[in-house]
Amino acid sequence: MVLTETLPPAIQTEDVTISFNGLPIVKNLSVSFPKNKLSVLIGRSGSGKTTLLRSFNRLNECLEGSSTTGRILVTLNNSQHDIYSGTISCEELRRRVGMVFQTPNVLPNSIRNNLIIPLKLALHIHGSEAEARMEHALKQAALWREVKDRLNRPATHLSGGQQQRLCIARALVLQPEILLLDEPSASLDFHATRTIEELLGSLSSDYTTIVVSHSLAQAQRLADSLYVLSSGELVQTLSKEEVRDSAVMQQTIENIL
Ligand SMILES: Nc1ncnc2c1ncn2[C@@H]1O[C@H](COP(=O)(O)OP(=O)(O)OP(=O)(O)O)[C@@H](O)[C@H]1O
């Protein structure tokens, strides 16, 4: 029997400071995110949620003027990697720590190629194996039934909610261990939001899932644990039970506002 308490966290930050042009945005942050749980990051606009999320697969480095100090340890295949020390390449890290953005960013190509192209480029997988993986990922993302008869149609013709599920499938097809989602339902209506939430709930037992959200109601529905950021600092961490306690959440709302 595997005792979950003995598992290393999926992500652990140690005294992490992330700055843009010398201005610290995330400040001396030490926090850990458990494996195969759904963690929600919440906080006022500008508190550094997206910046922190991007640091977990080194995406801030693509932005001019950013610098990161401290250590970020990411556990992949049961080995902890100090991701800024060069023990894992950015390509490998980003494949295994997949990211989904606020606005669906499908490739301007067919639904099929949105998954087949990354498989070819990142893993050199072609042909029937690629087709099988594509189908599996679309099923995982609860999209297969809606698109199986029109895989060669442009992905841009899908609805916003379907496009976002395609983006999740595109991350899943590369067989990540960790999924980072930055306000994945921000641009979606009520029904599409609920579909995405159900999907995230179903994925979170198999994948470490970290979601940035602006919605406390969404956090209450989803979170196994909730992390509250304020001005780049972690000011509160709530367990699943606390998140569902309306008195505790009321206090949290007052702290954030
Ligand atoms: N590429 C960048 N260049 C310079 N400064 C940046 C950059 N990205 C973010 N920042 C700074 O970091 C601050 C925090 O941004 P971030 O997007 O991490 O906050 P957030 O909590 O996710 O906000 P929101 O909820 O509005 O998305 C911003 O106010 C901005 O000043």
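This one's a predicted model, so the numbers in the text were calculated from it and none came from an experiment. Numbering of ligands and ligand atoms starts at 1, following listing order. Counting begins at 1 with the first residue of the sequence.
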Pairing of R112 and E131 as salt bridge, 4.0 angstrom limit: yes

Check each of N21, L41, I25 against atom 12 (O) of ligand 1 and report the one with the nearest heavy atom. I25

Check: I210 and L53 side chains under 4.5 Å, non-hydrogen atoms: yes

For atom 9 (C) of ligand 1, closest protein heavy-atom neighbour: F20 CE1, 3.6 Å

Is there a heavy atom of S47 sitting under 4.0 angstrom from any atom of ligand 1? yes

If the threshold is 4.0 Å, N to carboxylate O, is there a salt bridge linking E198 and R194? no

Got the closest protein heavy atom to atom 17 (O) of ligand 1, with its distance? T50 CB, 3.5 Å

Heavy-atom contact under 4.0 Å between G48 and ligand 1? yes

Does H214 have a heavy atom less than 4.0 Å from any atom of ligand 1? yes

Counting from 1, what ligand 1 atoms have a heavy atom of R44 closer than 4.0 Å? 21 (O)

Examine ligand 1 and decide if any of its atoms is less than 4.0 Å from a heavy atom belonging to R54. yes

Determine if the distance from atom 30 (C) of ligand 1 to the closest protein heavy atom is below 4.0 Å. no

Basic-acidic side-chain contact under 4.0 Å: R133, E129: yes

Option passing side-chain contact (heavy atoms from CB on, under 4.5 Å) with N114 (candidates V173, L138, V106): V106

Suppose we measure from atom 27 (O) of ligand 1 to each protein heavy atom; which comes out shortest, and what is that distance? E183 OE2, 3.7 Å

Which residue supplies the protein heavy atom nearest to atom 26 (O) of ligand 1, what is that atom called, and how far is it? S45 OG, 2.6 Å

side-chain contact (heavy atoms from CB on, under 4.5 Å) with F56: of I83, T13, L93, I178, only one passes, and it is T13

Donor-acceptor contact below 3.5 Å, side chain Q164 vs main chain P184: yes

If you look at every heavy atom in R244 and A223, which pair is closest and at what distance? NH1-O, 2.9 Å

NZ/NE/NH1/NH2 to OD/OE distance under 4.0 Å, R165 and E146: yes

Protein heavy atom at shortest distance from atom 23 (O) of ligand 1: G46 N, 2.9 Å

Nearest 0.5 Å, please: how far is CD1 in I116 from CD1 in I111? 12.5 Å

Please identify which atoms of ligand 1 are closer than 4.0 Å to at least one heavy atom of L63. 1 (N)

Looking at atom 15 (O) of ligand 1, what's its closest protein heavy atom, distance included? T51 OG1, 3.8 Å

Give me the nearest non-hydrogen protein atom to atom 21 (O) of ligand 1 as residue plus atom name, then the distance to 0.1 Å. K49 NZ, 2.8 Å

